[in-house]
2 protein chains.
Amino acid sequence: MVSIKDIAKKAGVSISTVSYALNGSNKVTDETSSKILAIAKELNYVPNAAARTLKKRESKILGVFLTDFSGDVYGDLLSGMKTVCNAQGYDLIVCSGEQSHRMLPERMIDGAVILDHTFASKELLQYADRGHKIVVLDRELDHPNINQVLLDNKAGATLAMEHLIEQGHTKIYVVTGPEGSFDSAQRMKAVRQVTEREANVEWIEIEGDFEKSGGEQAAELIIRDYTEPVAVFCLNDEMAIGLCNRLAETDLQIGRDVDVIGFDNIELSKYVQPRLVTIDYSKRKWGSLAAEQLIKIIAGEPVDHERIYVTLVEGGSVRSQVQQETRLPNRHERAVSY
Amino acid sequence: MVSIKDIAKKAGVSISTVSYALNGSNKVTDETSSKILAIAKELNYVPNAAARTLKKRESKILGVFLTDFSGDVYGDLLSGMKTVCNAQGYDLIVCSGEQSHRMLPERMIDGAVILDHTFASKELLQYADRGHKIVVLDRELDHPNINQVLLDNKAGATLAMEHLIEQGHTKIYVVTGPEGSFDSAQRMKAVRQVTEREANVEWIEIEGDFEKSGGEQAAELIIRDYTEPVAVFCLNDEMAIGLCNRLAETDLQIGRDVDVIGFDNIELSKYVQPRLVTIDYSKRKWGSLAAEQLIKIIAGEPVDHERIYVTLVEGGSVRSQVQQETRLPNRHERAVSY
DNA sequence: TTGTAAGCGTTATCAC
DNA sequence: GTGATAACGCTTACAA
């Protein structure tokens, strides 16, 4: 391995002069500098990241932590993050799994974006207490070293529920996310709020897991108890699609017998038949905002919590108003976007 | 930041004793050891990765490099890789973009898996020459420090072409990947080989890009020149789906007027109507094999290049044999899997 | 069993 | 402008 020591020896100068030249300091003559640079190139010199990180106490690398690599949500999110990071001189690495938690406390990375419920909030607060900088995308956490960039779950779930109610539905199944999911809890809160205002709306909670299989299981229940047209609000698209798949094997028709609405607008939801009604938001913006916030708190700049706005995407999985037999009175039209 | 020095001071021992205790060496008394461990815990000691990496000249981190984060192929691939890495005491990070190329030469990671054509082969060979360990998934490269784990592109493309020919097709469009793509080139080679054997099969090459948009553009050409039923072999599913989308806007019906076959069996291809015929392979296995090979070459163990086998997945996007009017004589049935 | 000390490859503070 | 030199936090001969 070739180090600045080797360059110094070959150039007949001291290592400090080499370091200065390599870092473009103006304390060194152009002549010496270019000679050093030439030798460095000749020797294929590459700086050692560990040594630099050790000395400078920063790695210029940011990490984003995901529960798993398979989510359909992540492409644009990561893309947006990377763009911002690179523009600001940071590198971005994507990590997943318990093992990689160490990256932050061991100072391999300068900060972390968390979209991974396997991180306990307690753990994150501990890191923050030790001075590590964090942006959370999947929970609320109050700490000077932690910033939040959250989806407007409440608006999204409200949009979804009101859309179904406007179609005249009075029986609505709600398929939740896994226990402990912040997004699920937030969305459920909005569901409760909406239904409290609507005396004639009955809603039934079905426990899900944010995976296709959860949607399939929910479908079983719905099929079993089916007597009249119902609506289902799946708290994410993945489950909505699982539910639709299972329903497609029966005589129950989506958008007629069972209206379905999801959340996330993943790419797949464009392709299922009929097109899934869902809640959309800019994943790219979510990512870029998260990265921006993280870099700001690392730089010691003050930041406020941010919110990602959502809209409703229409589709065939909810029957249109013109087809409906009954329509609730006194319901005014609502703007589709919050 | 609390270091072993702080622990040593508080425990009234030397830093080397602390180091030994922390690393579970049996050179130190149980008594001293447990005292040190207790103090370490009390002080919230976390080792510094940079220091350890600098000293040990290894980071126990492996990197996988992707062209972008959005591909649908990657979920299982990364999952498989991570499982193997973690089982072997390595951490896995996912990187993308020119900036992160430095991770390998700067020794931030102990090795790299490459599925990213933005790495020049020359660059990789240079790294390998300097002793860095690499596994390539997207090219052939001969170097003692480089191992290949490649898809059996040739078998896949042959399977696809023969499937179409068996349906009686004599005019086949082939939509390629982007210039310089290894997978595309390999698949094209097989296409040529198959068609050379089949005198009565005409094939037309359309330049694509492995993106949906490429498939849409190819559709334009096909629509424009359409006179009789044809087949299209898109060299990946992404393009096949783009093509189907565009075709769906016309009177041309997939699986009747235009038979379509893709490559990769991405999740989406299950959901398009009709189900896309495609070439499948285990992405998880691809990933785990790549990780295994990388860890082996890092350990100095000898390895051979590996190949990932493929199979054909049937679906509605190619009309079934029973519906066809003409059938080529003398064609024997072929095994679907190679 | 424990301590001393050298060294990993940098950066940065001083002198000169 | 350039050069010693200390320091970053850790591991590991070697000495005691």
Side-chain angles (χ1 to χ4, degrees), chain A residues 1-37 39-40 43-61 102-110 130-132, chain B residues 1-37 39-40 43-61 102-110 130-132:
Chain A
M1 190 190 203
V2 27
S3 74
I4 54 170
K5 207 186 268 179
D6 302 305
I7 301 177
K9 196 176 295 172
K10 183 141 187 174
V13 297
S14 77
I15 59 162
S16 42
T17 306
V18 174
S19 179
Y20 285 133
L22 254 22
N23 290 302
S25 163
N26 52 359
K27 305 181 74 175
V28 60
T29 331
D30 281 355
E31 196 190 0
T32 347
S33 183
S34 55
K35 186 172 76 179
I36 289 171
L37 262 11
I39 292 177
L43 262 48
N44 277 323
Y45 169 75
V46 179
N48 181 297
R52 194 181 343 94
T53 299
L54 177 60
K55 181 64 192 177
K56 301 198 69 169
R57 301 163 144 275
E58 65 171 17
S59 64
K60 283 290 176 186
I61 299 174
R102 64 183 181 91
M103 298 258 173
L104 188 62
E106 293 191 0
R107 301 184 170 274
M108 195 92 273
I109 56 179
D110 293 346
R130 296 191 203 143
H132 294 111
Chain B
M1 190 191 202
V2 26
S3 74
I4 53 169
K5 205 186 272 177
D6 302 305
I7 302 177
K9 196 176 293 169
K10 184 141 188 176
V13 296
S14 77
I15 59 163
S16 50
T17 306
V18 174
S19 178
Y20 286 133
L22 254 23
N23 290 302
S25 163
N26 53 359
K27 309 179 74 175
V28 57
T29 331
D30 281 354
E31 194 191 1
T32 350
S33 184
S34 56
K35 186 172 77 180
I36 289 171
L37 261 11
I39 293 177
L43 260 42
N44 276 324
Y45 168 76
V46 179
N48 181 297
R52 191 180 347 92
T53 300
L54 177 59
K55 181 66 193 175
K56 300 198 71 170
R57 298 163 144 276
E58 65 171 16
S59 64
K60 284 288 175 186
I61 299 174
R102 64 183 181 93
M103 298 257 174
L104 189 61
E106 294 190 0
R107 313 192 100 88
M108 194 93 273
I109 55 179
D110 293 346
R130 295 191 204 145
H132 294 109

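Each chain gets a letter, A, B and so on, in the order the sequences are listed, and its residues count up from 1.
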- request: Look at atom NZ of B:K60 and say whether more than 12 heavy atoms of other residues, nucleotides or ligands are closer to it than 6.0 Å.
  value: yes
- request: Grab the CD-P distance between A:E58 and C:dT10 for me, whole Å please.
  value: 16 Å
message: Counting the atoms with a prime plus P, OP1 and OP2 as sugar-phosphate, which does A:V46 contact under 4.0 Å by heavy atoms, base, sugar-phosphate, or nothing?
response: sugar-phosphate
- request: Whole angstrom is fine here: how far is it from CD1 in A:I7 over to P in C:dG9?
  value: 12 Å
query: In Å, rounded to the nearest 0.5 Å, how long is the span from OH of A:Y45 to CD1 of A:I39?
result: 13.5 Å
message: Taking only side-chain N and O atoms of A:K5, does any of them lie within less than 4.0 angstrom of OP1 or OP2 on C:dC8?
response: yes
- line: Between CD1 of A:I4 and C1' of D:dG3 the distance, given in whole Å, is 13 Å
task: Could you check how far CD of A:E106 sits from C1' of D:dG9, rounded to whole Å?
output: 12 Å
- prompt: Do A:T29 and D:dG1 share a donor-acceptor pair, side chain to base, under 3.5 Å?
  reply: no
message: Within the 4.0 Å heavy-atom criterion, would you say B:T53 contacts the bases, only the backbone, or no part of the nucleic acid?
response: nothing
message: Tell me whether the side-chain N/O atoms of B:R52 come closer than 4.0 Å to OP1 or OP2 in C:dC8.
response: no
field: Nucleotide nearest A:I15 when distance is taken to its side chain, options C:dT10, D:dT11, D:dC10
entry: C:dT10
query: So, is B:T32 near the phosphate of C:dT2, with a side-chain N or O under 4.0 Å from OP1 or OP2?
result: yes
message: Ignoring hydrogens and geometry beyond distance, is the side chain of B:S14 in donor-acceptor contact with the base of C:dT4 at under 3.5 Å?
response: no
message: When you measure from the side-chain N and O atoms of A:N48 to the phosphate of C:dC8, is any distance below 4.0 Å, counting only OP1 and OP2?
response: no
query: Would you say B:R107 reaches C:dG9's phosphate, i.e. side-chain N/O to OP1/OP2 under 4.0 Å?
result: no
message: Strictly distance-based, threshold 3.5 Å: is any side-chain N or O of A:S34 a donor or acceptor partner for the main-chain N or O of A:D30?
response: yes
Heavy-atom donor-acceptor pair, A:S19 side-chain to C:dA12 base, under 3.5 Å: no
- prompt: Do A:Y20 and C:dT13 have a side chain to base donor-acceptor pair shorter than 3.5 Å?
  reply: yes
- prompt: How is A:S3 classified with respect to the nucleic acid when contacts are heavy atoms under 4.0 Å: base, sugar-phosphate, or nothing?
  reply: sugar-phosphate
- request: Measure the CG-CD1 distance between B:N48 and B:I4 for me, rounded to the nearest 0.5 Å.
  value: 10.5 Å
message: For B:R130 and A:M1: C-alpha separation, side-chain torsions, deciding distance, then whether side chain to side chain contact (heavy atoms under 4.5 Å, CB included) applies.
response: CA-CA 8 Å; B:R130 295 191 204 145; A:M1 190 190 203; over 6 Å; no
A:K55 (side chain) and C:dT10 (base): donor-acceptor pair under 3.5 Å: no
message: Rounding to an integer number of Å, can you tell me how far A:N23 CG sits from C:dT10 C1'?
response: 9 Å
- request: Please figure out whether A:S16 or A:K27 has its closest DNA chain D nucleotide nearer the 5' end.
  value: A:K27
message: Without decimals, in angstroms, what is the distance between B:D6 CG and D:dC8 C1'?
response: 13 Å
task: Kindly determine whether A:M103 and A:I61 satisfy side chain to side chain contact (heavy atoms under 4.5 Å, CB included), including the steps that lead there.
output: CA-CA 10 Å; A:M103 298 258 173; A:I61 299 174; over 6 Å; no
field: Interatomic distance, A:R57 CZ vs D:dC8 C1' [rounded to whole Å]
entry: 7 Å
message: With a 4.0 Å limit, can you tell me whether A:T17 has a side-chain N or O closer than that to the phosphate oxygens OP1/OP2 of D:dG3?
response: yes
statement: Between CD of B:E31 and P of C:dT1 the distance, given in whole Å, is 12 Å
